[in-house]
Amino acid sequence: MAEMTIKGEYLRGIIKDNPTFGLVLGLCPTLAVTTSVENAIGMAGATLFVLMGSNIMVSALRKHIPPITRLPMFIIIICTFVTVIDMVMEAYTPPLYKALGIFIPLIVVNCIIIGRAEAYANRNTVKFSIVDALGIGTGFLLVLVIIGAIRELLGTGMIVLFGLHVISIPINPATFMILPGGAFMTIGVLMAMVNYGRIRKLREV
Amino acid sequence: MDNLFAIAINGIFVKNFLLVQFLGLCSFLGVSKETKSAAGMSAAVLFVMIMASTAAFIIFSYILQPLGLTFLSTISFIIIIAALVQLVEFIIRKYSPPLYRSLGIFLPLITTNCAILGVVVLNVRLEYGFVQSVFYGFTAGLGYTMVMLLMSAIRERINILHVPGSIQGLPHAFFITTLLSLAFVNFFGVIPT
């Protein structure tokens, strides 16, 4: 097995093990909160916080958690961090908290987090687990922001980020993109494009 | 407070868990390849949803709320669901081995199904009473079942088609879901708020 480097592990989380296109995990929040870039950033931030906390705790405790009870332990660790971020966001960013709705408590059952705890943090040192959480978190953020940007731009004709007009295009807004159907279509098209790139790469090799 | 009819229409059509609220998509895409397993999964989800909304309502309003422990709600809900799933698994294995053989493999998957935790959290957020909570769990499960069966029937038939390599599998499933979801969006506004 190749030597693990910090940079390599970080990039692996973004590209090869990208939570949405590589591992196909955590689709529910990916689709539900990407009606705007702002929500996408908020959701990815909350997920990154929980992922980071759970990866650190699990890898630090990995020698003390008996294998047979590891899943309930992971869930309790994850729950703790979700409760923390839930209360922090309710107190300091009420509009964002309202927009994300039930998807903040639902981070508990986001397969990305328990998947990383089981597949990575349970086997690696704290240092690499932090890098892994950062990598996967960045990958998740990128995907959410791309989907959010596409949907917000086509659905409302502009992107508004924290009160600032970032970009606007002169089109007739297609409300369809903001509706649930738009989310399914966007991710379908993106996934087909990723697959197309992969198939071409394989053919070249 | 909503009446039961409004809750039923909401749970099955207007706020369908899979197509409108995006809850439980992982199992939806994974299990909807054939009707038999889709039916098994839906039955298990429907059953656990009803049980979970009942148990969660009792624990939330008789233990957590009087003691001021509502910040523990997420952690207690997930433990309730995990324990319930285990219990249901034991009971079915003991009393109905044929049912266990068809449902058994889906039961462990349900603990991490966001639809179940979603219905429980929604019950609390919408401040539903006991009957409403249980009924919402039931109708949300019915909505899940309906879409699951529709999707699996479509996918079984569409499997025969030849589609380009990069669209095969998940992207194709997403395109089908887009069309289904568009149909369900037409239910918006059926219930005046």
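Below, chains carry the letters A, B, ... as their sequence lines are ordered, and counting in each starts from 1.
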S.K.: Just wondering, more than 12 heavy atoms not from A:Phe74 lying within 6.0 Å of its CZ?
M.R.: yes
S.K.: Please classify the contact between A:Ile102 and chain B as side chain, backbone, both or neither, with a heavy-atom cut-off of under 4.5 Å.
M.R.: both
S.K.: Using every non-hydrogen atom in the two residues, find where A:Asp86 and B:Arg125 come nearest and quote the distance to one decimal.
M.R.: OD1-NH2, 4.3 Å
S.K.: Which region of A:Val189, side chain (C-beta onward) or backbone (N, CA, C, O), has a non-hydrogen atom less than 4.5 Å from a non-hydrogen atom of chain B, or is it both or neither?
M.R.: both
S.K.: Taking every heavy-atom pair that is under 4.5 Å apart, which of B:Phe175, B:Phe184, B:Phe28 has the most such pairs with chain A?
M.R.: B:Phe175
S.K.: Any chance you could measure B:Phe77, atom CZ, to A:Cys79, atom SG, to the nearest 0.5 Å?
M.R.: 11.0 Å
S.K.: Who among B:Ala183, B:Gly24, B:Pro171 has the most heavy-atom pairs with chain A under 4.5 Å?
M.R.: B:Pro171
S.K.: Considering all heavy atoms of both residues, which atom of B:Phe174 and which atom of A:Phe184 are nearest to each other, and what is their separation?
M.R.: CB-O, 3.7 Å
S.K.: With a 4.5 angstrom heavy-atom cut-off, could you sort out which part of B:Val185 is near chain A: side chain, backbone, both or neither?
M.R.: side chain
S.K.: Given a strict heavy-atom distance threshold of 4.5 Å, which part of A:Met185 is in contact with chain B: side chain, backbone, both, or neither?
M.R.: both
S.K.: Just give me the residue among B:Ile167, B:Thr177, B:Leu122, B:Leu179 that pairs up with chain A most often, heavy atom to heavy atom, under 4.5 Å.
M.R.: B:Thr177
S.K.: At a 4.5 Å cut-off on heavy atoms, which part of B:Leu18 comes close to chain A: side chain, backbone, both, or neither?
M.R.: backbone
S.K.: Can you say whether A:Leu179 sits under 4.5 Å from chain B via the side chain, the backbone, both, or neither, judging by heavy atoms?
M.R.: side chain
S.K.: Counting neighbours of CG on B:Leu161 that are heavy atoms of other residues, nucleotides or ligands and sit closer than 6.0 Å, is the number greater than 12?
M.R.: yes
S.K.: Using heavy-atom distances under 4.5 Å, tell me whether B:Ser166 contacts chain A through its side chain, its backbone, both, or neither.
M.R.: both
S.K.: How far does CD1 of B:Ile79 sit from CD1 of A:Ile75, to the nearest 0.5 angstrom?
M.R.: 8.5 Å
S.K.: Counting heavy-atom pairs under 4.5 Å with chain B, which one of A:Pro105, A:Cys111, A:Gly182 comes out on top?
M.R.: A:Pro105
S.K.: As an exercise, state the distance from CD1 of A:Ile107 to SG of B:Cys114, rounded to the nearest 0.5 Å.
M.R.: 12.0 Å
S.K.: Between B:Ile78 and chain A, which part of the residue has a heavy atom less than 4.5 Å away: side chain, backbone, both or neither?
M.R.: side chain
S.K.: Which answer fits B:Phe71, side chain, backbone, both or neither, if we ask what part of it has an atom under 4.5 Å from a heavy atom of chain A?
M.R.: both
S.K.: Between B:Phe188 and chain A, with a heavy-atom cut-off of 4.5 Å, which part of the residue counts as in contact: side chain, backbone, both or neither?
M.R.: side chain
S.K.: Relative to chain A, which of B:Leu117, B:Asn113, B:Val121, B:Ile81 shows the most heavy atom pairs under 4.5 Å?
M.R.: B:Leu117
S.K.: Can you tell me how far the CG atom of B:Leu23 sits from the CG atom of A:Leu31, to the nearest 0.5 Å?
M.R.: 11.0 Å
S.K.: Using 0.5 Å steps for rounding, measure from the CG atom of A:Leu106 to the OG1 atom of B:Thr74.
M.R.: 9.0 Å
